[in-house]
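Read through the structure below, which is laid out as structure tokens, and then see the notes.
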Amino acid sequence: MTTVEQFDVVVIGSGAAGLTLALTLAKHANVAVISKSQLSEGSTYYAQGGIAAVLDAADSVDAHCADTLKAGAGLCHEDTVRYTVERSRTAIDWLVEQGVAFTREQDNSNDKKNNNANSQAHTDYHLTQEGGHSSRRIIHAADATGKVVSETLVNRLRDHPAIKTFEHHVAIDIIVHRDSPTPVCSGVYVLDCENDQVLTFQARFVVLATGGASKAYLYTSNPDGASGDGIAMAWRAGCRVTNMEFNQFHPTCLYHPQAKSFLITEAVRGEGGKLLLPNGERFMPRFDQRAELAPRDIVARAIDHEMKRLGIDCVYLDISHRSTNFITTHFPNIHSRCLNLGINMCRDPIPVVPAAHYTCGGVAVDQQGATDITNLYAIGETSFTGLHGANRMASNSLLECIVYAQSAAASIIQSLETTEWQPNPSHWDETQVTDSDEDVVIAHNWDELRRFMWDYVGIVRTSKRLERAQHRAQLLRNEIAEYYSNYRVSNDLIELRNLTLVSSLIIESALSRKESRGLHYTLDFPDPLQFAHDTILYPPNYRASR
Ligand code: FAD
Ligand code: SIN
């Protein structure tokens with residue numbers, strides 16, 4: 001007998017977006033939070049630099065908007081940018097109310113001369129600098145902002161009587177009623193990994209807060225679960241996805257055989273770190289007058305260019321000219337991680353390479369996070385709001401998570417009373433499948449996918465490489481579809497199925513963009529077109545609901 005769980009709202013994902021939404025909603029509805037690992041796992045936990053917000057009297061909403069638009073290379077939606085930036089102070093206030101302990105100015109008293117004079121409500125918080133920002137506007141908790149945000153919100157969530165959490169549960173697919181004039185979401189199928197059983201969750205609203213898809217690439221700053229599940233589920237349910245070709249590569253991930261996915265925050269460059277070739281030459285000024293503080297697409301491409309030109313494995317990031325006290329106060333986690341690997345960043349340059357970091361495209365949503373399916377929302381990195389355009393500016397992502405989680409919560413609260421339960425969904429059918437005796441197929445296909453995405457759909461693209469990748473992705477999709485219909489689902493199979501689909505969407509979007517813009521750079525069309533346009537993909541079962 002299949003178990004049915006029933007909640008007003010099911011939130012899939014427990015990063016900044018999902019946690020904020022659940023906590024904001026909990027006074028008004030009973031809420032389930034489903035998370036495929038433990039609650040704190042996800043990109044949020046690993047965020048280092050901080051959250052961009054207009055907090056300094058010398059800064060302004062106009063300036064933050066202008067910087068975001070410039071980094072976004074003509075593709076940001078201006079209304080979304082203003083909507084988000086105008087709410088940045090409120091978003092930070094909310095986090096502070098929850099108990100998030102951001103670094104205060106006095107914690108950095110020996111650094112005061114480097115900071116603008118902050119004023120007004122957030123006068124005593126230290127603001128750091130990152131690429132593309134025309135002033136210091138990144139509020140942070142040393143170099144572990146995500147950990148502090150995540151732990152604070154998770155603690156509040158665990159205590160909440162109206163929120164039930166389901167850790168080690170993986171959402172498989174959204175349940176959609178198609179009998180009504182427009183498709184309506186009524187729940188989600190979920191694999192309970194501990195009991196190896198598929199559960200049916202019935203809900204009035206489902207919210208996808210599943211993060212990005214950077215696991216599509218061999219080298220990434222992201223944790224393991226970043227397999228684009230929300231984007232894939234939304235696409236299969238009938239939602240449009242937008243601008244999937246814009247995959248952000250962070251310029252500086254630690255290059256060391258024992259350091260899996262460890263980021264060196266952009267704030268190191270913000271605080272004066274210089275990028276060097278193995279011979280000690282500083283190269284960024286040759287590529288952009290903003291040098292190390294140019295937007296990420298420019299810095300990552302410059303590093304890629306120098307690595308290919310010289311046949312070197314990495315470049316170096318050097319902040320050793322700052323005092324030991326400054327480095328250990330600002331970057332305690334990076335300092336200790338590097339030291340454990342034999343790199344003393346107070347003395348030595350840090351070896352770094354670019355790695356896949358952020359998915360700018362995603363599920364198309366409106367300003368409340370509503371998707372094309374009635375009662376299905378998407379927030380955070382899994383969504384496409386129009387904020388980031390062709391290149392996300394550093395530290396705008398956590399801001400978007402909080403702002404859109406709160407907008408989606410307000411929209412759900414407003415419709416709760418008038419939203420009816422849909423008829424009972426049909427149960428998950430396992431009668432035609434058996435246990436797999438060939439898991440090697442999954443492991444092999446994971447490796448193959450991530451390698452060809454890195455080689456053919458990476459920082460520098462060509463049409464030929466993209467066509468090669470498209471062909472291979474189609475073969476994998478066929479093989480996985482067959483496997484999926486014959487065997488019981490597992491976490492690895494669910495993720496691989498999603499990642500292969502999302503990779504196909506990335507490739508299709510990249511092939512259709514006949515220009516270079518922001519993060520999408522192709523040797524076949526090296527210049528931007530005169531007019532910028534979004535790449536909108538429509539799933540075969542798309543039916544407009546609004
Ligand atoms: P995540 O935090 O990734 O959470 C996704 C959640 O969904 C997880 O709980 C995951 O387990 C769950 N999930 C996924 N699929 C399923 C499924 N099928 N079923 C159940 N659960 C599922 N941005 C900034 O603004 N500032 C920074 O300083 C910054 N630093 C970063 C540093 C690193 C190393 C990385 C990787 C990213 C950084 N980013 C930063 C980007 C930012 O952290 C992310 O974009 C943001 O945290 C995404 O939040 P989210 O809530 O959308 O998703
Ligand atoms: C970083 O700290 O460099 C990451 C910031 C971000 O991705 O926004």
Side-chain angles (χ1 to χ4, degrees), residues 10-21 33-53 128 130-133 138-141 143-147 149-150 153-154 165-174 188-191 193 207-215 220-233 248 250-254 261-270 296 331 334 355-360 362 378-383 388 392-402 404-405 491 494-495 497-498:
V10 170
V11 184
I12 308 170
S14 53
L19 293 168
T20 302
L21 180 108
V33 175
I34 293 173
S35 196
K36 67 176 158 184
S37 183
Q38 67 266 30
L39 286 178
S40 58
E41 186 60 5
S43 289
T44 298
Y45 186 86
Y46 300 94
Q48 295 184 354
I51 308 177
T128 192
E130 288 182 333
H133 293 273
I138 319 296
I139 190 164
H140 61 103
D143 58 351
T145 309
K147 180 170 185 277
V149 168
S150 171
L153 300 185
V154 166
T165 57
F166 295 84
E167 293 176 279
H168 306 285
H169 281 63
V170 190
I172 306 170
D173 262 319
I174 301 300
V188 56
Y189 295 118
V190 176
L191 173 66
C193 295
V207 184
L208 298 166
T210 47
S214 292
K215 260 313 220 205
T220 175
S221 66
N222 283 204
D224 278 345
S227 48
D229 296 2
I231 300 171
M233 285 189 276
Q248 183 170 73
H250 195 291
T252 58
C253 284
L254 182 59
S261 312
F262 189 72
L263 192 79
I264 309 294
T265 175
E266 192 152 320
V268 172
R269 280 176 282 134
R296 282 187 188 161
F331 307 114
I334 296 175
H357 182 62
Y358 186 82
T359 310
C360 290
I379 51 173
E381 191 171 338
T382 212
S383 67
H388 308 305
R392 175 179 69 99
M393 191 166 66
S395 291
N396 266 350
S397 167
L398 288 170
L399 173 63
E400 183 189 46
C401 287
I402 312 293
Y404 274 81
N491 182 36
I494 293 167
E495 287 188 341
R497 175 178 180 239
N498 291 333

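For reference, positions follow the sequence shown, starting with 1. Counting starts at 1 for both ligands and their atoms, following the listed order.
Closest of all the heavy-atom pairs between Ser261 and Thr220 is OG-O, 3.1 Å. In this structure, Ile139 and Thr145 approach most closely via the heavy-atom pair O-CG2, 4.5 Å.
Salt bridge status for Lys215 with Glu495: absent, with no side-chain N to carboxylate O gap under 4.0 Å. In summary, Glu400 and Arg392 do not engage in a salt bridge, as defined by a charged side-chain N under 4.0 Å from a carboxylate O.
There is a side-chain donor-acceptor pair under 3.5 Å between Thr210 and Thr382. Using modelled atom types and a 3.5 Å distance limit, the side chains of Gln248 and His388 yield no donor-acceptor pair.
Under the side chain to side chain contact (heavy atoms under 4.5 Å, CB included) criterion, Ser37 pairs with Glu41, His168, not counting sequence neighbours. Taking the ring-ring contact (aromatic ring centres under 6.0 Å, His included) definition, one finds that Tyr45 meets it with nothing, sequence neighbours left out.
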When you pair each N or O of ligand 2 with protein N or O atoms, which pairs come out under 3.5 Å?
residue, atom, partner, partner atom, Å
ligand 2, 2 (O), Gly49, N, 2.8
ligand 2, 2 (O), Thr265, OG1, 2.6
ligand 2, 3 (O), His250, NE2, 2.8
ligand 2, 3 (O), Thr265, OG1, 3.4
ligand 2, 3 (O), Glu266, N, 2.6
ligand 2, 7 (O), Arg296, NH1, 3.0
ligand 2, 7 (O), Arg296, NH2, 3.1
ligand 2, 7 (O), His357, NE2, 2.7
ligand 2, 7 (O), Arg392, NH2, 2.7
ligand 2, 8 (O), Arg392, NH1, 2.8
ligand 2, 8 (O), Arg392, NH2, 3.4
ligand 2, 8 (O), Ser395, N, 2.6

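Formation of a donor-acceptor pair under 3.5 Å by the Gln48 side chain with backbone atoms of Leu263 is found in this model.
Protein residues lining ligand 1, listed by chain and number: Ile12, Gly13, Ser14, Gly15, Ala16, Ala17, Ile34, Ser35, Lys36, Glu41, Gly42, Ser43, Thr44, Tyr46, Ala47, Gln48, Gly49, Gly50, His169, Val170, Ala171, Ala209, Thr210, Gly211, Ser221, Asn222, Asp229, Leu263, His357, Tyr358, Gly380, Glu381, Arg392, Ser395, Asn396, Ser397, Leu398, Cys401 [non-hydrogen atoms, distance under 4.0 Å].
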